[in-house]
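Notes for the one structure printed next.
Remember, it's 1-based here, ligands and their atoms both numbered in the order they're listed.
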Amino acid sequence: MDSAEQEAFEATIAADSTIEPRDWMPEEYRRTLIRQIAQHAHSEIIGMQPEGNWIGRAPTLARKAILLAKVQDEAGHGLYLYAAAETLGVSRDDLERRLLDGRQKYSSIFNYPTLTWADVGAIGWLVDGAAIVNQVPLCRCSYGPYARAMIRICKEESFHQRQGFDILYTLTRGTDEQRAMAQDAVDRWWYPSLAMFGPPDAISTHTERSMAWRIKRFSNDHLRQKFVDMIVPQAEVLGVRLPDPALRFNAKTGHWEFTPPDYDELFAVISGRGPANRQRLTHRRTAYEEGAWVREAAVAYAAKAAARAASQSSGTAGPPRAPAVPDEVA
Ligand code: FAQ
């Protein structure tokens, strides 16, 4: 590194412009981004499991189609994010291996089980709601490919939150049993959703550095508060009670006061001791192993296509082309 490169990097950050893949960047900036983007990508992919669990049991055809689309969106988010991480010089395959052998994390929230249909509503409303609050500022992250991926992701997350709200809205206007089911789901998902924002600022390892680099625009506690302020009025519309007796509006600060989540529980879940950690990773490992033939087929196809291109440019006959797919099958 020479000091001109360092200065150019710092000037770009100070001007609120973006760092692009070919620009020089400090190694620690690159490592921080790989860590955060990979954890984010893994969360989207593992995050398909809790709701995927309900696709086959959705109460109506329309709910099933909507949920299917939502879960597929999460797969797409994972792919945009792996692609953004790859611009930093790592491969998606390497990142997947780091997830599977426990070297990289994914969000704590996806280690909780989905016990009833109302959990799908609570995830959409609270978990996607928290994701939006956390991710909208990431659209202004200093690393260009991550910021651009986040713009598209956030648009889709808005639809996700609306569908969760709509599920709960329907249930809270249903029978006593449906209302109780909605309330029970909110009771179980509230504190894990608050914990998604990470440890409190006072003990957050990376916030200060990431904010100076404008990777994170706001601290964990700031965003947690923003989330609570957003959710309380929505809970009133839904007619559900947030399970916090200390919740009260502070007219002086203009914010809702609330009981923080149990951070010991957060750290236990992050370190693999949550209710569904083992199940989530086992499922992901099985999917990875069962998908090996797809990866091998893609590599074999790429090798054949490259050989064909090389033989065409040198004028010799290459391997035969695969037959075209007949119209009636395509
Ligand atoms: N879970 O110093 P900080 C979604 C770790 S996507 C697990 O505060 P940082 C969409 C952290 O990595 C949800 N680990 O860290 C969806 C670090 O560990 P390390 C995912 C956590 O990075 C909806 C250590 O603790 N979203 O929901 C958690 O500055 C429905 C110290 O923490 C993102 O990833 C946690 N909750 O701030 C999909 C957004 N919190 O690496 C499907 C991008 C902290 O030193 C269905 N990420 N840790 O070993 C971020 O904004 C940040 O990385 C934070 C953490 C805010 C998550």
Side-chain angles (χ1 to χ4, degrees), residues 28 31-54 67 70-78 80-81 84-85 98-99 102-112 114 119-139 141 143 146-147 149-150 153-154 156-161 163-164 189 191-213 215-224 226-227 261 263 265-274 277 280:
E28 196 47 35
R31 264 201 299 274
T32 297
L33 280 166
I34 292 173
R35 178 187 63 78
Q36 177 166 326
I37 301 173
Q39 165 174 321
H40 195 166
H42 300 328
S43 304
E44 301 280 358
I45 298 297
I46 297 267
M48 295 165 72
Q49 292 184 38
E51 288 161 288
N53 181 32
W54 281 89
L67 184 59
K70 191 227 187 235
V71 172
Q72 283 175 342
D73 281 354
E74 309 300 357
H77 297 176
Y80 311 152
L81 289 163
R98 290 194 218 177
L99 166 70
R103 280 177 293 151
Q104 277 182 341
K105 299 183 166 74
Y106 59 91
S107 180
S108 51
I109 193 74
F110 302 116
N111 292 307
Y112 292 85
T114 38
D119 288 26
V120 176
I123 291 180
W125 179 45
L126 295 174
V127 176
D128 285 281
I132 291 171
V133 170
N134 168 265
Q135 292 175 14
V136 166
L138 292 174
C139 300
C141 159
Y143 187 58
Y146 190 27
M150 290 317 304
I153 290 176
C154 284
E156 293 175 353
E157 297 292 16
S158 306
F159 147 64
H160 296 174
Q161 203 214 4
Q163 69 87 39
W189 287 91
Y191 283 105
S193 301
L194 289 181
M196 278 176 78
F197 292 91
D201 295 353
I203 56 166
S204 160
T205 332
H206 305 290
T207 295
E208 200 181 333
R209 187 66 270 184
S210 291
M211 283 183 69
W213 275 328
I215 295 173
K216 284 168 82 162
R217 292 282 173 161
F218 300 103
S219 74
N220 300 353
D221 287 336
H222 177 96
L223 293 174
R224 202 174 350 257
K226 202 170 158 55
F227 173 70
Y263 292 113
E265 177 177 323
L266 171 67
F267 288 119
V269 175
I270 291 179
S271 54
R273 286 176 281 121
N277 293 59
R280 299 290 183 240

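Neither side chain, Gln36 nor His206, offers a donor N or O lying under 3.5 Å from an acceptor on the other. Side-chain polar atoms of His42 and Gln39 form no donor-acceptor pair below 3.5 angstrom.
Of all the heavy atoms of Glu51, the ones lying under 4.0 Å from any atom of ligand 1 belong exclusively to the side chain. The parts of His40 lying near ligand 1 are both backbone and side chain, judged by heavy-atom distances below 4.0 Å.
When the heavy atoms of Lys105, Met150, Glu157, Lys70 are ranked by distance to atom 49 (O) of ligand 1, first place goes to Lys105. When Asp128, Ile123, Ile203 are checked for heavy-atom proximity to atom 23 (C) of ligand 1, Asp128 turns out nearest.
Inter-residue side-chain proximity for Leu99 and Ile45 is flagged as unmet; no heavy-atom pair is nearer than 4.5 Å. For the pair Ser204 and Ser219, the minimum side-chain heavy-atom distance is 4.5 Å or more. Inter-residue side-chain proximity for Leu33 and Trp213 is flagged as unmet; no heavy-atom pair is nearer than 4.5 Å. Counting heavy atoms from C-beta on, the side chains of Leu266 and Phe197 never come closer than 4.5 Å. The side-chain heavy atoms of Leu81 and Met150, taken from C-beta on, include a pair separated by under 4.5 Å. Thr32 places a side-chain heavy atom less than 4.5 Å from the side chain of Ser210. Contact of the Ser107 side chain with the Val127 side chain is not registered, since no non-hydrogen atoms from C-beta on lie closer than 4.5 Å. Using a 4.5 Å heavy-atom threshold, the side chains of Glu74 and Asp128 count as touching.
Among protein heavy atoms, atom 6 (S) of ligand 1 sits closest to Gln135 NE2, 3.6 Å. Among all non-hydrogen protein atoms, the one lying nearest atom 29 (O) of ligand 1 is Lys216 NZ, 2.7 Å. For atom 48 (N) of ligand 1, the nearest protein heavy atom (residue, atom name, distance) is Ile270 CD1, 3.7 Å. Atom 51 (O) of ligand 1 has as its closest protein heavy atom Asn134 ND2, 3.0 Å. Annotation: atom 36 (N) of ligand 1 to nearest protein heavy atom, Ser108 OG, 3.0 Å. Nearest protein neighbour of atom 40 (N) of ligand 1, counting heavy atoms only, is Gly198 CA, 3.2 Å. Looking at atom 12 (O) of ligand 1, its nearest protein heavy atom turns out to be Gln39 OE1, 2.7 Å. The nearest protein atom to atom 15 (O) of ligand 1, hydrogens excluded, is given as His206 CD2, 3.6 Å; this is a heavy-atom distance.
The distance from ligand 1 to the heavy atoms of Asn220 drops below 4.0 Å at these ligand atoms: 8 (O), 56 (C). Interface of Tyr106 with ligand 1, defined as ligand atoms under 4.0 Å from a residue heavy atom, comprises 1 (N), 7 (C). Close approach of ligand 1 to Phe110 (heavy-atom distance below 4.0 Å) involves ligand atoms 4 (C), 16 (C), 23 (C), 27 (O), 30 (C), 38 (C), 42 (C), 46 (C). Residue Ala195 approaches ligand 1 through these ligand atoms, each under 4.0 Å from one of its heavy atoms: 36 (N). Close contacts of ligand 1 with Met196, meaning ligand atoms under 4.0 Å from a residue heavy atom, involve 27 (O), 36 (N). Close approach of ligand 1 to Gly47 (heavy-atom distance below 4.0 Å) involves ligand atoms 42 (C), 46 (C). Ligand 1 places these atoms under 4.0 Å from at least one heavy atom of Glu44: 6 (S), 10 (C), 16 (C), 38 (C). For ligand 1, the atoms sitting less than 4.0 Å from at least one non-hydrogen atom of Phe197 are 56 (C), numbered in the order shown with element in parentheses.
Below 3.5 Å of separation, one finds an N or O of Thr205 facing an N or O of ligand 1. Below 3.5 Å of separation, one finds an N or O of Ser204 facing an N or O of ligand 1. Where the criterion is an N or O separation shorter than 3.5 Å, residue side chain and backbone included, Arg35 meets it with respect to ligand 1.
Taking both residues in full, the closest heavy atoms of Tyr146 and His40 are given as OH-ND1, 2.9 Å, listed atom of the first, atom of the second, then distance.
Relative orientation of the His77 and Tyr80 rings is tilted, given thresholds of 30° and 60° on the angle between their planes.
The closest approach between any non-hydrogen atom of His77 and ligand 1 is not below 4.0 Å. Using 4.0 Å as the threshold, Phe267 has no heavy atom nearer than that to any atom of ligand 1. The closest approach between Met48 and ligand 1 stays at or above 4.0 Å for every heavy atom of the residue. The shortest separation from a heavy atom of Phe218 to ligand 1 is not under 4.0 Å, leaving the residue out of contact. Contact between Ser210 and ligand 1 is absent, with no heavy atom of the residue lying under 4.0 Å from the ligand.
For Asn277 (side chain) and Asn111 (main-chain N/O), no donor-acceptor pair under 3.5 Å exists by modelled atom type. Side chain of Arg280 to backbone of Ile46: no donor-acceptor contact under 3.5 angstrom is found. A distance-only check finds no donor-acceptor pair linking the side chain of Asp73 to the backbone of Glu157 [under 3.5 Å].
By the ring pair (Phe, Tyr, Trp, His ring centres under 6.0 Å) test, Tyr143 is found to be paired with no residue, residues two or more places apart in sequence or in another chain being considered.
The existence of a salt bridge linking Asp221 and Arg224 is confirmed by a sub-4.0 Å separation between a basic side-chain nitrogen and an acidic carboxylate oxygen.
Within 4.0 Å of atom 54 (C) of ligand 1, not a single protein heavy atom is present.
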